[in-house]
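Throughout, a chain's letter reflects where its sequence line sits, starting with A, and its residues are numbered from 1. We use all heavy atoms of the structure for the numbers below, so side chains are in, but hydrogens, waters and symmetry mates are not.
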2 protein chains.
Amino acid sequence: MAPNTSPPTGDAFASDLLRGHTDTIVLGTLRTTDRYGFEIYKTIRDATGGDYEIKEATLYATFRRLTKDGLVEAYWGDETQGGRRKYYRITDAGRAVYTQNVKDWTATQRIINTLLETK
Amino acid sequence: MAPNTSPPTGDAFASDLLRGHTDTIVLGTLRTTDRYGFEIYKTIRDATGGDYEIKEATLYATFRRLTKDGLVEAYWGDETQGGRRKYYRITDAGRAVYTQNVKDWTATQRIINTLLETK
DNA sequence: CCAAGTACTGTGCGTGATACAGTACCGGAC
DNA sequence: GTCCGGTACTGTATCACGCACAGTACTTGG
């Protein structure tokens with residue numbers, strides 16, 4: 001990630017609002033294809049039009065957690081030129097967790113919307 | 001809160017999914033009328049049909065935070081009988097924060113739904 | 001009279017997001 | 001030919017929030 005990253009647009013969302021969702025978000029980007037770390041960062045940034053940029057430290061901490069839990073597998077790419085890239089592949093367990101997390105997210109939305117009486 | 005509270009229904013939502021929203025939820029219950037702590041606990045539990053029970057420790061920690069930040073004001077009720085009750089009143093600053101938080105929540109939903117490709 | 005419910009308070013811990021710091025390689029500008 | 005910005009990965013330390021757990025105290029019903 002570029003040094004001195006200033007907030008891209010808006011004033012960055014309170015990190016706690018996304019808390020608990022980063023694992024799911026990252027797993028989501030891996031559903032269709034293997035990706036390397038920085039690629040995931042860009043995928044998320046671009047998908048949200050720059051509204052949300054996952055922090056580097058957060059992203060790699062997430063990889064450590066997901067790997068430890070067997071939800072993703074990592075392997076080094078064979079770049080013959082350019083810097084090394086570590087790719088991540090979602091496992092079957094990861095897909096199952098992703099599916100469940102999306103359900104939980106739906107339920108969470110329902111609960112919060114009920115409590116805030118957001119129509 | 002009753003001792004030995006077992007999960008009411010479902011298996012309790014991962015606390016991290018609600019994280020960052022408790023302030024807003026509590027402020028929301030105070031929009032229409034002053035309430036005391038345990039009443040807020042019940043209000044939230046009943047509004048969600050028992051799907052979400054804010055934990056006692058979480059609730060009172062939230063009150064401390066909201067009070068410190070001037071978003072609510074507390075006063076002791078004058079119950080002539082029954083146990084003492086501490087009532088909370090939302091301040092103008094609290095209302096402003098609530099309104100902003102609801103906006104942030106809407107934005108957060110949009111972002112997560114985009115990233116999860118939830119339709 | 002004592003158990004269960006109501007009601008408030010405080011301490012300490014685990015986890016996730018992040019700040020911050022560091023390493024390393026590449027391409028283009030000057 | 002070197003310096004800078006971008007790409008790319010890693011590690012350590014910190015902070016806040018939610019919660020488990022523990023404690024106090026009053027009240028009502030069996």
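Side-chain atoms of B:E39 come within 3.5 Å of backbone N or O of B:Y36 as a donor-acceptor pair. Although no hydrogens or angles enter the test, the distance criterion places a donor-acceptor pair under 3.5 Å between the side chain of B:T106 and the main chain of B:V102. At distances below 3.5 Å, not a single donor-acceptor pair connects side-chain atoms of A:K86 with backbone N or O atoms of A:R84.
The 5' end of DNA chain C is approached more closely, in terms of each residue's nearest nucleotide, by B:E39 than by the other of B:R64 and B:E39.
Nucleotide C:dC8 holds its C1' atom 11 Å from the CZ atom of B:F38, rounded to whole Å. Between B:L59 atom CG and C:dG10 atom C1' there is a gap of 15 Å when expressed in whole angstrom units. We find that CZ of A:R84 is positioned 9 Å from P of C:dA24, with the value rounded to whole Å. Rounded to whole Å, atom P of D:dT7 lies 9 Å from atom OH of A:Y36. B:I40 has its CD1 atom 15 Å from the C1' atom of C:dT6, to the nearest Å. Taking atom OH of residue A:Y75 and atom P of nucleotide D:dC9, one finds them 12 Å apart after rounding to whole Å. Put simply, CD1 on B:I54 is 13 Å from P on C:dC8, counting in whole angstrom units. Counting to the nearest Å, the C1' atom of C:dA7 and the CD1 atom of B:I44 are 16 Å from each other.
Side-chain nitrogen and oxygen atoms of A:T22 include at least one within less than 4.0 Å of the OP1 or OP2 phosphate oxygen of C:dA17. Residue B:K86 places at least one side-chain N or O closer than 4.0 Å to OP1 or OP2 of C:dT9. A close approach under 4.0 Å does not occur between any side-chain nitrogen or oxygen of B:Y60 and OP1 or OP2 of C:dT9.
Counting atom types as modelled, B:E56 pairs a side-chain N or O with a base atom of C:dC8 as donor and acceptor under 3.5 Å. On a pure distance criterion of 3.5 Å, no polar donor-acceptor pair joins the side chain of B:R19 and the base of D:dG18.
Here the side chain of A:T62 is nearest to one of D:dG18, C:dC8, C:dA17, namely C:dA17. In this structure, of C:dG16, C:dA7, C:dA19, it is C:dA19 that holds the atom nearest to the side chain of A:K55. The side chain of B:R85 sits closest to C:dA7 out of D:dC19, D:dT10, C:dA7.
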**OP:** With side chain to side chain donor-acceptor pair (under 3.5 Å) as the test, would you mind laying out the steps for A:Y98 and A:D23 before giving the verdict?
**Re:** CA-CA 8 Å; A:Y98 174 78; A:D23 286 16; over 6 Å; no

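A:R65 comes within contact range of the sugar-phosphate backbone alone, with a heavy-atom separation under 4.0 Å but no base atom that close.
Between A:F63 and the choices A:Y87, A:F38, A:Y88, the ring pair (Phe, Tyr, Trp, His ring centres under 6.0 Å) rule is met once, by A:Y88.
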